[in-house]
Engineer: 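Dropping the structure in here first, questions after.
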Amino acid sequence: MHFSIPDTQEFNDENGSSYMGYNIHINGIYHCTVRYKQLHNLNEQLKKIHGCNNVPAFPPKKFLPLSSGQLEERRSLLEKYIQTVGQTPLLMNTDVFTGFLLSAQLESSGEKNKEIPLDVFLMNGYRISITGNVSESSNQVLEKVCRQINLPLMYMYYFALFLVGREDDGDIIIVRKLQDFESPYISQKSIQGSNRLVLRKSYWDPAYDDELAGDRVALNLMYLQTVSDLERGWILCNQETQAQLASLQARGAKKEYLEVARTLKYYGYTQFKTCTCDYPVPDTRCVVSAGFKELNLRVTLAGGDIREGSFKVTRMRCWRITTHNDTGDQTEGERHKGEPSLELSFEYLMARDRLQWISIFSDQAILMSVCLQAMVDELLLKKVGAKIKQPSDSVKNGCYNYMKRDGSNHQITVSQSSSFDCLTGSTNGHANSPTKNSEPTLSMKKLSEKLSAVSLKNKTQPLVENDAFEGIGDDDL
């Protein structure tokens, strides 16, 4: 996750006193506004659960009014604090932290916790209608969707909820994957434009298809997504294979259809909007796709020739996200008007003795980075023989307190009655806890923490490192 506190805003409380609110952005998108004392309360609860030595240092209290310089210093220190917590799996994957973020989103939005209808779509436009609460987290909504379509909960985490938008030309784009520290209802409402909640696969390795193929509902979900991706050109297919797939589709041979589709280029990939990159030369138009172990670039050269570049995540030494507020030199289509342009740069092992930086300029750069992180996380799980987590793996912390901006505390209780966490209280929230089966080894934790060390600011950031060169021999280059 990319945490940042890029700015602040001043508020007045009921007594007329002013206080500073810190705007938390996650993956480059505004999430909530919190006060210093709210984050301090969160820190105290984390220390109580995990011990002082396992929680990063928190900016100290000040007893006198802060100057403008001191306010900026506090903003910077709070940003560093929440980034560090977000890079520590032990702290981030707990009810206290993600429940705090969900509750803060609810308070910041001003939405009242009420029952609401919610529509979740499949990629072919099929609508799944459920009833939920404004404060329900992504996983709580996901469980309701799974129950509605009779998908066994053991397969729940093979799928996820995504925000999917539509461009002016009619093309659809994956905006982002929803996390369990946010309310799908609030997140969807906060984004302008036509956006839908969509159920899609949430893994990268096609081998996981085999684990799902034995269930009728899971098979249908994979099949419908594949048909949709083929129709939109996200999966490449020649005429001969198209005819074969059409015949299988007409016969309802879904397993056979998927077996053929898995042999096609870009099966299971996420495709991004057309953007620009500096590979092989600056200002090259390209289409970026993220998929099984790679970031793929289809670049259009002078004269209209198309060249493909495949960049394996295991050979990326590091990557970084950079924002550029001076957009005078940006070409049309590289950014939305009035927004800073984003750059994803990665250092790649082109040959045994040659590293090269490659940059992609796209307003979806953060999503690309999140996809890279997810692919690496999946590779690490496979490396240690871990499975995709199950709802029954969740470990509950029992309860926690959420302090609102006015200083009142509300106890949030983790219910044991559901297949996973279900929070009830004056202000609801929900979070995943560390799982038994997915608890990483020491080496896995170390690498995972390295790979999370990117944040979004208006300057070049510390690099995200990867064990890129481990096990690479001459034949691999």
Side-chain angles (χ1 to χ4, degrees), residues 2 27-28 87 204-205 236 265-266 268-302 305-324 334 341-380 382-383 443-444 446-457 459-477:
H2 303 286
N27 293 338
Q87 294 160 17
W204 301 97
D205 189 344
L236 299 186
K265 185 63 179 176
Y266 304 123
Y269 282 51
T270 292
Q271 182 170 300
F272 305 95
K273 294 184 296 184
T274 301
C275 57
T276 61
C277 65
D278 62 1
Y279 173 86
V281 294
D283 299 321
T284 300
R285 300 292 288 175
C286 69
V287 175
V288 181
S289 299
F292 182 48
K293 299 181 181 179
E294 71 169 9
L295 201 63
N296 183 282
L297 274 63
R298 279 173 283 169
V299 300
T300 303
L301 304 178
D305 292 336
I306 297 178
R307 181 184 301 177
E308 179 183 312
S310 176
F311 300 94
K312 303 295 183 183
V313 296
T314 50
R315 292 174 63 175
M316 292 180 186
R317 191 179 75 85
C318 52
W319 70 82
R320 67 190 176 202
I321 294 289
T322 309
T323 62
H324 300 279
E334 288 183 5
S341 63
L342 296 172
E343 173 189 336
L344 169 68
S345 300
F346 57 90
E347 190 175 23
Y348 194 76
L349 182 66
M350 305 296 288
R352 173 166 288 279
D353 58 350
R354 183 165 70 91
L355 286 162
Q356 178 179 334
W357 279 99
I358 296 172
S359 296
I360 300 169
F361 304 92
S362 169
D363 59 9
Q364 292 183 293
I366 292 178
L367 179 59
M368 295 176 191
S369 175
V370 171
C371 289
L372 289 174
Q373 175 71 62
M375 283 189 277
V376 171
D377 289 343
E378 187 171 289
L379 287 170
L380 289 170
K382 282 183 167 288
K383 184 176 181 179
S443 60
M444 181 179 172
K446 183 177 180 181
L447 180 55
S448 179
E449 289 166 3
K450 286 182 180 181
L451 291 166
S452 301
V454 118
S455 61
L456 181 64
K457 292 184 181 177
K459 58 183 180 180
T460 300
Q461 296 303 303
L463 306 184
V464 180
E465 298 183 359
N466 179 12
D467 286 346
F469 313 143
E470 180 182 354
I472 295 180
D474 293 336
D475 294 338
D476 298 312
L477 301 178

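Since the structure is predicted, the reported quantities are computational estimates derived from the model, not experimental observations.
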Engineer: Compare every heavy atom of Tyr269 with every heavy atom of Ser289, then report the nearest pair and how far apart it is.
Structural biologist: CB-CD2, 3.8 Å
Engineer: Specify the closest pair of heavy atoms between Cys275 and Phe361, including all atoms of both residues, with the distance to one decimal.
Structural biologist: CB-O, 3.2 Å
Engineer: Looking at side-chain heavy atoms only, is the closest gap between Arg298 and Leu236 below 4.5 Å?
Structural biologist: yes
Engineer: Where do His2 and Val370 land on the side chain to side chain contact (heavy atoms under 4.5 Å, CB included) test, with the steps shown first?
Structural biologist: CA-CA 8 Å; His2 303 286; Val370 171; 4.0 Å; yes
Engineer: Please examine the side chains of Leu297 and Cys277, heavy atoms only from C-beta on, and report whether any two atoms are closer than 4.5 Å.
Structural biologist: yes
Engineer: Got a second to check how far Trp319's CH2 is from Phe311's CZ, nearest 0.5 Å?
Structural biologist: 15.0 Å
Engineer: Rounded to the nearest 0.5 Å, how far does CD of Gln364 lie from CD1 of Ile366?
Structural biologist: 11.0 Å
Engineer: Between the side chains of Tyr266 and Asn296, does any donor sit under 3.5 Å from an acceptor?
Structural biologist: yes
Engineer: Rounded at 0.5 Å granularity, tell me how far CG in Leu301 sits from CD1 in Ile306.
Structural biologist: 9.0 Å
Engineer: For residues Leu344 and Leu295, determine if any side-chain heavy atom of one lies less than 4.5 Å from a side-chain heavy atom of the other.
Structural biologist: yes
Engineer: Rounded to the nearest 0.5 Å, what's the gap from CG on Leu342 to CG on Leu367? Could you check?
Structural biologist: 11.0 Å
Engineer: What pair of heavy atoms forms the shortest contact from Thr276 to Cys286, and how long is it?
Structural biologist: C-SG, 4.1 Å
Engineer: Nearest heavy-atom pair of Trp204 and Ala374: which atoms, and what distance?
Structural biologist: NE1-CB, 3.4 Å
Engineer: Whether the side chain of Arg307 engages the backbone of Val299 through a donor-acceptor N/O pair (distance < 3.5 Å, no angle test) should be reported.
Structural biologist: no
Engineer: For side chain to side chain contact (heavy atoms under 4.5 Å, CB included), just list the numbers for Ile360 and Tyr279, CA-CA rounded to whole Å, side-chain angles, deciding distance to a tenth of an Å, and then say yes or no.
Structural biologist: CA-CA 8 Å; Ile360 300 169; Tyr279 173 86; over 6 Å; no
Engineer: Take Tyr348 and Lys312 through the side chain to side chain contact (heavy atoms under 4.5 Å, CB included) test and state the conclusion after the steps.
Structural biologist: CA-CA 9 Å; Tyr348 194 76; Lys312 303 295 183 183; 3.8 Å; yes
Engineer: Assess, by modelled atom type and distance only, whether the side chains of Ser345 and Glu343 contain a donor and an acceptor separated by less than 3.5 Å.
Structural biologist: yes
Engineer: Does any non-hydrogen side-chain atom of Leu355 lie less than 4.5 Å from one of Leu349?
Structural biologist: yes
Engineer: Using the side chain to side chain contact (heavy atoms under 4.5 Å, CB included) rule, take Lys293 and Thr314 through it: C-alpha gap first, then chi angles, then the decisive distance, then the call.
Structural biologist: CA-CA 7 Å; Lys293 299 181 181 179; Thr314 50; 5.9 Å; no
Engineer: If I take atom CD from residue Glu347 and atom CE from residue Met316, how far apart are they, to the nearest 0.5 angstrom?
Structural biologist: 12.0 Å
Engineer: Which heavy atom of Lys265 sits nearest a heavy atom of Glu294, and at what distance?
Structural biologist: NZ-OE2, 3.5 Å
